[in-house]
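Heads up, the thing below is written out as C-alpha cells.
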Protein chains: 2
Amino acid sequence: MLKYQQIALEIEKHIEENELQQGDKLPVLETLMAQFNVSKSTITKSLDLLEKKGVVFQVRGSGIFVRRHKRRGYVSLLSNQGFKKDLKDFHVTSKVIEMDVRKPTQEAADNLNIGLHDDVYFIKRVRYVNGQTLCLEESFYNKSIITYLNNEIVSESIFHYIKEALGLKVGFSDMYLHVDKLNQEEAAYLGLKEGAPKLTVETIFHLTNGQPFDFSKVTYNYEQSQFFIQANNELL
Amino acid sequence: MLKYQQIALEIEKHIEENELQQGDKLPVLETLMAQFNVSKSTITKSLDLLEKKGVVFQVRGSGIFVRRHKRRGYVSLLSNQGFKKDLKDFHVTSKVIEMDVRKPTQEAADNLNIGLHDDVYFIKRVRYVNGQTLCLEESFYNKSIITYLNNEIVSESIFHYIKEALGLKVGFSDMYLHVDKLNQEEAAYLGLKEGAPKLTVETIFHLTNGQPFDFSKVTYNYEQSQFFIQANNELL
DNA sequence: GAGTGGTCTAGACCACCCC
DNA sequence: GGGTGGTCTAGACCACTCA
C-alpha cells in the first residue's frame, strides 16, 4: 500500500472513530507532515484523495475541515457496487434468477465493445433490502476478461472476486440514468404495479486500461430509490 | 490562471478540435513537459484534473488516452448548473414564476444551516428545452451571502453572477435524488399527468469555505430525464 | 528491457483568510 | 502580518505494460 493511501485511510479512520462532524478542523499540514513523517506533497496527495471522496474540504489560508452530510439511508451513486458499505445498517440480500453464458444483445455488444458472436456471462438478479425489493439487475460480463463465474460468486460480491481472485483492476465507469414507467415484467419482479415510476441506471465498467468488461442495467424500486452524490465544483 | 489549469484547458481544446475519440493516445509525459515547458508534476496535475473531469484516463506503463462516451443528449449530473454546456445543441429557456425575499421553510433552514427568521431569496421557475418542459425548480438562497438578486439575473445564469459579480467561490455540493409520482401542482407546471414519474434532485451548494448558500429542489419531466455520470473507481 | 506513468522528497515562493 | 494551504520545480527511484 502506498504511503498517501495509507495516510488517507488513517485520517478517515480518525474522523470516524472520533465521530468528527461537518466543519470540524483537522490538524494543519505541518503537523500532519510531522505526524506521518512525510513530505508536504504526500500529505497533500492524501488530502486530495479524501477531498475527492467527499471526506474533507480544504480552505486555503484557513485549514482542513471534515465534510459530512446529514441524511441517513441514502445510497451513494458513485461508490459503485457499494450497497454493502452504504446500507451497512440494513440487510441486503439477492436472489439469482438467471445465470448463463450466452451471446450478447446488440445493446450489450455495443456497450462492451465486442462482437455479437463473442461470449458473455449473463446474470439476472433481484436485490432486497430489509425484505423489500430494491432493484432488478441484468449484467453482461465480457467472458474473455471475466473468464469464470459461478453461483456462489454471483451471490456474494462479484467485484470483490474480480479484484481479488482475478487480479483485475477496475478503472472508471460511465453511468446513464433514466426515469420511466415499469413494464409488466419489471413490475412483477419488484412487486409493484405496471406503470409505476422506475429509475434505470445503466453502467459500463472499465478496467484501468480502458477496456469495458461489464454492462449492467439496474431498475430500482422507486420506493427505495434514495441516492446521494457528493460533487466538487472546482472543475473550472 | 494557474499553469496546470491553463495546460488542462489547452489539452482539452486539442482533443475537441481534433475530434479525438475514446482510446486515442495523447503524447507521452516527456513530450508534454517539453511542449509546455513545465515540470513533470505540473503536467501530472493537469492530467489528474482532466481525469477527474472524465476527459482522459492514464494507464501506467502504457500512456494517456482520451475518454469519451458515445451517447448524445444526456446531461451530466455533476457539471452543476451546466445545462448551457451540456445542452448546447439545444435551446434552453426558463420562465420565472415567483421571486421574492421571505423566511425559509423548516426544510430550507435546516439545509442552509440558518434560522427560521433569517431572510432568503426564493425563486421558482420552469425550464424548457426546445419548447418542452424540462423541470420545475425551487431555490432558496441565503440572503446574508447572496445579498442581491433581480429578475434579469435570475433569467440569465445565477451562478455566473455569483462568481463574477459577487466574487464568491463555489466549492462543493451535496445532491439527493428521489424518484416518485408527480403531485397535481408539479404536473400542471410540467404539462404532465398527476401520478406520472418524476425525478427530484435536491442540491445544497456550498462556498469553498464550506458555507451553504443555496438549497434547491428540482423536479424533472421524466420524458426529458437523461442523465450521465462519469465515475472514477480508484477510491480504494 | 525499453518505454512510460506514478510516487516521493526538499525547498522556494505564492495566495488567501482572519485577526 | 502571522498562519495556512496551493503551486511549481528538479530529480531520484519505483511499478507497470508490452513487444
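Reminder, nothing fancy here: chain letters follow the sequence lines and each chain counts from 1. Please read all numbers here as calculations on a predicted model, not as lab measurements.
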Any salt bridge (charged side-chain N to carboxylate O under 4.0 Å, His left out) pairs touching residues 54-67 of chain B, not counting sequence neighbours?
Asp174(A)-Arg67(B)

When all nucleic acid strands are considered with a 4.0 Å heavy-atom cut-off, which category describes Leu47(B): base, sugar-phosphate, or nothing?
nothing

Below 3.5 Å is the cut-off: list the nitrogen or oxygen pairs between protein and nucleotides 8-10 of chain D, distance only.
unit_1 : atom_1 : unit_2   : atom_2 : d
dC8(D) : OP1    : Lys3(B)  : N      : 2.7
dC8(D) : OP2    : Tyr4(B)  : N      : 3.4
dT9(D) : OP1    : Lys3(B)  : NZ     : 2.9
dT9(D) : OP2    : Ser39(B) : N      : 2.9
dT9(D) : OP2    : Ser39(B) : OG     : 2.8
dT9(D) : OP2    : Thr42(B) : OG1    : 2.3

Residue set satisfying ring pair (Phe, Tyr, Trp, His ring centres under 6.0 Å) with Tyr4(B), at least two apart, ordered chain then number -> none

Could you give the CG-to-P distance, from Leu207(B) to dC16(C), as a whole number of Å?
15 Å

To the nearest Å, give me how far apart CG (Asp48(B)) and C1' (dT7(D)) are.
14 Å

Will you find, in the side chains of Asn111(A) and Glu107(A), an N or O donor that is under 3.5 Å from an N or O acceptor?
no

If we fit an axis to the first five pairs and another to the last five of the helix from dG1(C)-dC18(D) to dC18(C)-dG1(D), what angle do they make, to the nearest 10°?
30°

Ring pair (Phe, Tyr, Trp, His ring centres under 6.0 Å) filter on Phe215(B), not counting sequence neighbours, yields none

Residue pairs involving residues 37-59 of chain A (criterion ring-ring contact (aromatic ring centres under 6.0 Å, His included); sequence neighbours excluded)
Phe57(A)-Phe65(A), Phe57(A)-Phe172(B)

Residue list, ring pair (Phe, Tyr, Trp, His ring centres under 6.0 Å) with His160(A), at least two apart or on another chain
none

Extract from the structure each pairing of a protein N or O with an N or O of nucleotides 17-19 of chain C at less than 3.5 Å, listing the distance.
unit_1  : atom_1 : unit_2   : atom_2 : d
dC17(C) : O4'    : Gly61(A) : O      : 3.4

Over-ring placement of Arg71(A) relative to Tyr176(B), 6.0 Å and 45° cut-offs
yes

Once ring pair (Phe, Tyr, Trp, His ring centres under 6.0 Å) is applied, do any residues pair with Tyr161(B), and if so which ones, sequence neighbours excluded?
none

Please give, in whole Å, the distance from dG6(D) P to Phe57(A) CZ?
12 Å

Of residues 28-35 of chain B, the positions that come close to DNA chain C - non-hydrogen atoms, cut-off under 4.0 Å
Val28(B), Leu29(B)

Tell me yes or no: between the side chains of Gln58(A) and Asp48(A), is some donor less than 3.5 Å from an acceptor?
yes

Between atom CD in Gln58(B) and atom C1' in dG5(C), what is the gap in whole Å?
7 Å

salt_bridge(Asp119(A), Lys103(A)) N-O dist < 4.0 Å
yes

Tell me: CG of Leu26(B) to P of dT4(C), nearest whole Å?
13 Å

Holding to salt bridge (charged side-chain N to carboxylate O under 4.0 Å, His left out), I want the full list of residues that pass it with Arg68(B), two or more places apart in sequence or in another chain.
none

Below 3.5 Å, can you tabulate the donor-acceptor pairs from side chains in residues 25-38 of chain B to any protein atom, sequence neighbours excluded?
none

Could you walk me through whether Ser139(B) and Glu137(B) pass side chain to side chain donor-acceptor pair (under 3.5 Å), step by step?
CA-CA 6 Å; Ser139(B) 300; Glu137(B) 179 185 306; 3.3 Å; yes

